Amino acid sequence: METLEQRQSTIQNDRSQQRAKISFPEEIIEEILSRLPVKSILRFKSVCKPWRSLISNPSFTKLHSTRAAVNHRTALFISAHDPSTRKRYFLSAAHDGGSLTHLITLDNIPTRCDITESQHLNGLVLFNYGDGYQNYAFVVNPSTHKVLKLPNPANYATRKTDICYFFGFDESRNEHKVLNITITTHDVPSVKPVIEIMIFSLSNYSWRKIDVEFPLVVSQFRWCYGLKRSVCVNSVIHLMLVNQKELLAFDLRTEKFSIVKICSDAVPHRIICNRPHLIKVDGLLGVVCHDQMMTNNDVYVWILQDYENGVWVRETITFPKSWSVFGCAFPLDSANMEEIIFSLNKESKNVTGVLMYNMKSGCFKSVQLTLDNHPFLCKEHVQFQQIKWYVESMVRL
């Protein structure tokens with residue numbers, strides 16, 4: 001039998017639902033909620049069942065992500081490692097700096113982690129770390145503080161397997177995917193390495209092996225050492241090759257490989273000591289390089305303005321002082337055409353500076369991140385290794 005308190009609670013809940021329905025049409029409520037930060041939206045899920053149903057709908061998630069991207073509702077994703085405790089921290093901060101927010105802590109990180117890379121797409125961040133043979137990958141939603149550890153591919157067990165993970169978004173299916181390229185070597189030199197390609201879908205949370213041929217000009221020895229960074233543009237994942245005049249491209253829609261030619265001027269003269277790397281600028285593919293044979297303080301960002309016709313345009317970033325004074329910093333990431341992140345610099349125990357460049361004004365600035373509210377961090381030993389932009393998103397993991 002229902003108690004008086006239960007009956008009153010039921011009546012109050014029914015009235016709340018009726019007010020939600022009567023006050024505004026659902027289209028108006030959707031318009032208002034889709035313009036709010038994720039933190040506020042998550043609180044509003046508990047207002048009533050209609051709001052919860054609306055916010056949980058995939059179409060609302062897509063609308064909110066689109067609005068967040070258009071309005072440049074961005075923030076910073078940071079990974080930090082403490083070798084003294086073997087812990088790794090995922091943190092976030094406002095785009096203009098301030099106190100860091102703790103997202104998650106990973107324990108028992110191997111001491112030797114040569115590879116640490118993060119890639120962001122539509123609100124999610126793929127982070128992977130390892131030594132080139134034993135690699136681990138996580139998909140993080142910094143807005144909701146949710147983390148998904150990817151299961152290891154079926155061919156993961158051997159130490160003679162080099163595993164790389166790359167993040168992509170298939171626009172034709174509105175789906176995040178992870179591309180896995182694995183090369184397995186043998187003790188017998190005459191036996192060729194075995195290359196396997198797998199795709200992880202965030203729709204069904206499983207790996208799928210695909211049979212696909214590499215372009216004829218690509219051998220296993222021309223790509224396996226260069227594929228630690230990638231950029232996804234227009235559903236195509238781009239990877240830097242050992243031959244720095246070309247990129248290996250994988251189309252998530254057709255699941256085929258191809259070659260993208262880089263502008264010859266984008267390759268520095270001293271290739272061995274100065275490797276260019278990839279960056280996404282305002283949704284376009286970019287290649288960053290600095291020619292150390294030149295005496296100026298310029299860093300060049302070559303942007304592929306016309307993908308179909310292979311038209312590259314050069315943007316020049318000039319440092320006010322010698323490039324070496326800034327630690328030979330390279331652009332790390334770009335949220336839009338205006339601002340580019342250059343580097344992290346630990347200024348004190350409690351403060352870390354982020355060097356940013358404004359493409360419109362041509363000026364640098366330092367954004368400060370503070371660690372005061374994080375007693376779990378051993379500030380003397382913590383090392384900041386990765387920093388990326390991300391767009392607020394309601395995408396579920």
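Note that the structure is predicted; figures quoted are calculated from it, not measured.
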Treating Ile, Leu, Val, Met, Phe, Trp and Tyr as nodes and any side-chain heavy-atom pair under 4.5 angstrom as an edge, say whether [X] and [Y] lie in one connected cluster.
X: Y300; Y: V260; value: yes
X: L36; Y: I28; value: yes
X: V354; Y: V391; value: no
X: Y390; Y: F127; value: yes

Output all residues satisfying side chain to side chain donor-acceptor pair (under 3.5 Å) with [X], sequence neighbours left out; order by chain, then residue number.
X: K261; answer: E246
X: S59; answer: N57
X: Y307; answer: H238
X: K365; answer: E339

Just checking, any donor-acceptor pair under 3.5 angstrom between side chains of T316 and D298? no

Does a donor on one side chain sit under 3.5 Å from an acceptor on the other, for S143 and E392?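 S143 vs E392: no donor-acceptor pair found between side chains.
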
Any non-hydrogen side-chain atom of [X] less than 4.5 Å from a side-chain atom of [Y]?
X: M394; Y: I55; value: yes
X: F167; Y: L124; value: yes
X: E30; Y: I32; value: no
X: V233; Y: K280; value: yes
X: F250; Y: K256; value: no
X: E175; Y: L202; value: no
X: L284; Y: L304; value: no
X: I303; Y: L285; value: no

Starting at [atom1] of [X], measure out to [atom2] of [Y] and round the result to the nearest 0.5 Å.
X: E27; Y: L54; atom1: CD; atom2: CG; value: 9.5 Å
X: H145; Y: L103; atom1: NE2; atom2: CG; value: 5.0 Å
X: T66; Y: N122; atom1: OG1; atom2: CG; value: 8.5 Å
X: E255; Y: D211; atom1: CD; atom2: CG; value: 10.5 Å
X: D251; Y: I237; atom1: CG; atom2: CD1; value: 9.5 Å
X: L100; Y: S92; atom1: CG; atom2: OG; value: 7.5 Å

Under 3.5 Å donor-acceptor, N309 side chain and V311 backbone: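 Here the side-chain-to-backbone pair does not exist.
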
Okay, side chain of S235, backbone of E171: is any donor-acceptor separation there less than 3.5 Å? yes

I199 vs N180, side-chain contact (heavy atoms from CB on, under 4.5 Å): CA-CA, chis, key distance, verdict: CA-CA 6 Å; I199 293 178; N180 170 257; over 6 Å; no

Presence of salt bridge, K177 and D170, under 4.0 angstrom: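 Yes, D170 and K177 are salt-bridged.
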
Considering all heavy atoms, the nearest [X]-[Y] contact:
X: W389; Y: H95; answer: CZ3-CB, 3.3 Å
X: M240; Y: H277; answer: CE-CA, 4.0 Å
X: I317; Y: P331; answer: CD1-CG, 4.5 Å
X: S393; Y: V38; answer: O-CG2, 3.6 Å
X: S65; Y: V395; answer: OG-CG2, 4.4 Å

Among residues at least two apart in sequence or on other chains, which ones pass ring pair (Phe, Tyr, Trp, His ring centres under 6.0 Å) with F342? F319, F364

For K209 and I197: C-alpha separation, side-chain torsions, deciding distance, then whether side-chain contact (heavy atoms from CB on, under 4.5 Å) applies. CA-CA 6 Å; K209 184 179 178 180; I197 311 297; over 6 Å; no

Just checking R253: does its CZ atom have more than 12 heavy atoms from other residues, nucleotides or ligands closer to it than 6.0 angstrom?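 Counting neighbours around CZ of R253, more than 12 heavy atoms of other residues, nucleotides or ligands fall under 6.0 Å, so yes.
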
Heavy-atom count check: over 12 atoms from other residues, nucleotides or ligands less than 6.0 Å from N204 CG? yes

Parallel, tilted or perpendicular: which fits the ring planes of W207 and Y165, with parallel below 30° and perpendicular above 60°? tilted

In short, salt bridge (Lys or Arg N to Asp or Glu O under 4.0 Å) pairs touching residues 50-71 with sequence neighbours left out are E31-R67

For L239 and L247: C-alpha separation, side-chain torsions, deciding distance, then whether side-chain contact (heavy atoms from CB on, under 4.5 Å) applies. CA-CA 6 Å; L239 316 167; L247 300 176; over 6 Å; no

Please walk me through it: do W51 and K45 pass side-chain contact (heavy atoms from CB on, under 4.5 Å)? CA-CA 6 Å; W51 281 29; K45 288 181 71 174; over 6 Å; no

Establish, yes or no, whether a centroid distance under 6.0 Å links the rings of H176 and F169. yes

